[in-house]
Amino acid sequence: MAADPSPKPLSADVPVLRWEEPPEGPVLVLLDQTRLPAQEVELVCTDVHTLVDAIRSLTVRGAPLLGLAGAYGVALAAARGFDVGEAAELLAHARPTAVNLARGVRRASKAHTAALRAGKSLEAAAAAALAVARELHREDAEASRSMARSGLELLERLVPGGGYRILTHCNTGVLVSGGEGTAFAVALAAHRAGQLRRLWVDETRPLLQGARLTGYEAARHEMPYTVLADNAAGSLFAAGMVDAVLIGADRIAADGSTANKVGSYPLAVLAKHHEVPFVVVAPMTTVDLDTPEGASIEVERRAAHEVTEFPPSGGGGFPLAPLGAQAYNPAFDVTPPELITAIVTENGVLSPIEAEGLASLCDRSRSGNETMKI
Ligand SMILES: CSC[C@H]1O[C@H](OP(=O)(O)O)[C@H](O)[C@@H]1O
């Protein structure tokens, strides 16, 4: 279904994802992140195929938000009488790396199936799936608030004196979350506390989630931010201009290996070399104890045109390389635990990273939120 063609003013507070129930049937409304920062355009999803395409094209993106989109997608399929099993399969496999997506789909599908097995009506089963999606939404918003608090406390310990110069990669704010995000939410908390001296924003080629989306979010909060080409980060470290690196995650394996947007691993190596804290901020929905180590994480490979053309969406853009050039375009890379200073979750902060520590975090209630010295 076509989106509203009239772009909304950038100042509008447009929800990233919302469920609506107009007379013609329930819909999932998405802020189209491929159009930002130039335009705030919404995509109205009335069916699962539209939602799957939106996930694959990064119209909706970011690990925690993908979990919510997956769960709402199951609810949409159930409410509109689609085959829920088929919908769940399509949604869960729309992108492979962020564990949150399949997890959100699974939790909503289980609720739907349980309702049917209990003899409930199709409407009640659809409502059960929607209730799970809404609970996940609330949980993610609360997790975001908790990580922002814990992450700021960690910065105060790691970087005495405040006035943080934080480098971040990709986008990890409200555009990836049911709340204010993960790593970006920590930077925003520092800003609100008057402790953010500079937010260095890696542009994050090839899809430029940093320049486009983190820039968009930082501008709206009037944060002191500077965009940089990814390959300029090294000179910032060399000049001693980075106090900490904060990144998100798409999947954290049982040993602490972390898959995140491509370009994260080189930042971790730079941070190690320059003795700068490298901190991962991610909700527990991103921790996957069933994946033992980084080598087991499936890294999504994306189309060559995202690298060889501009704009990098959909093909047919301005050629940045000879037509037909091959391109290596992994969407993520994996940072080993020995390069990670700490992992901040809503269940606690793990530092240094020890495999059993993550399992302990998974066993904790949200209240057990203190730094774990393993
Ligand atoms: C806080 S998770 C956000 C995470 O998702 C991004 O990937 P994508 O833009 O491809 O969905 C990136 O890895 C971010 O760190």
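Since this is a predicted model, take the numbers as computed values, not measurements. Both ligands and their constituent atoms are indexed starting at 1 by order of listing.
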Sequence neighbours excluded - salt bridge (Lys or Arg N to Asp or Glu O under 4.0 Å) pairs with any residue from residues 90-111:
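Salt bridge (Lys or Arg N to Asp or Glu O under 4.0 Å) check on residues 90-111 returns Arg95-Glu300, Arg107-Glu139.
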Do His273 and Phe237 have their ring centres less than 6.0 Å from each other?
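For His273 and Phe237, the ring centres are not under 6.0 Å apart.
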Under the rule for side-chain contact (heavy atoms from CB on, under 4.5 Å), what residues qualify as partners of Ala131, not counting sequence neighbours?
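Testing Ala131 for side-chain contact (heavy atoms from CB on, under 4.5 Å), a comparison that skips the adjacent residues, returns none.
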Please give the N or O to N or O pairs under 3.5 Å between ligand 1 and the protein, distances rounded to 0.1 Å.
unit_1: ligand 1; atom_1: 5 (O); unit_2: Asp250; atom_2: OD2; d: 3.3
unit_1: ligand 1; atom_1: 9 (O); unit_2: Arg61; atom_2: NE; d: 2.7
unit_1: ligand 1; atom_1: 9 (O); unit_2: Arg61; atom_2: NH2; d: 3.2
unit_1: ligand 1; atom_1: 9 (O); unit_2: Gln209; atom_2: NE2; d: 3.0
unit_1: ligand 1; atom_1: 10 (O); unit_2: Arg95; atom_2: NH1; d: 3.4
unit_1: ligand 1; atom_1: 10 (O); unit_2: Arg95; atom_2: NH2; d: 2.7
unit_1: ligand 1; atom_1: 10 (O); unit_2: Lys261; atom_2: NZ; d: 2.7
unit_1: ligand 1; atom_1: 11 (O); unit_2: Gly62; atom_2: N; d: 2.9
unit_1: ligand 1; atom_1: 11 (O); unit_2: Arg95; atom_2: NH1; d: 3.0
unit_1: ligand 1; atom_1: 13 (O); unit_2: Asp250; atom_2: OD1; d: 2.5
unit_1: ligand 1; atom_1: 13 (O); unit_2: Asn260; atom_2: OD1; d: 3.2
unit_1: ligand 1; atom_1: 13 (O); unit_2: Lys261; atom_2: N; d: 3.1
unit_1: ligand 1; atom_1: 15 (O); unit_2: Asn260; atom_2: OD1; d: 2.5

Give every residue pair that meets the side-chain hydrogen bond (donor to acceptor under 3.5 Å, both in side chains) criterion with at least one member in residues 201-211, sequence neighbours excluded.
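Of all non-adjacent pairs touching residues 201-211, those that pass side-chain hydrogen bond (donor to acceptor under 3.5 Å, both in side chains) are His169-Asp202.
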Might you work through the side-chain hydrogen bond (donor to acceptor under 3.5 Å, both in side chains) test for Ser296 and Glu293, ending with a clear yes or no?
CA-CA 6 Å; Ser296 310; Glu293 79 282 320; 2.2 Å; yes
Above 12 or not: heavy atoms from other molecules or residues under 6.0 Å from CD of Glu21?
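Check passes, neighbour count above 12.
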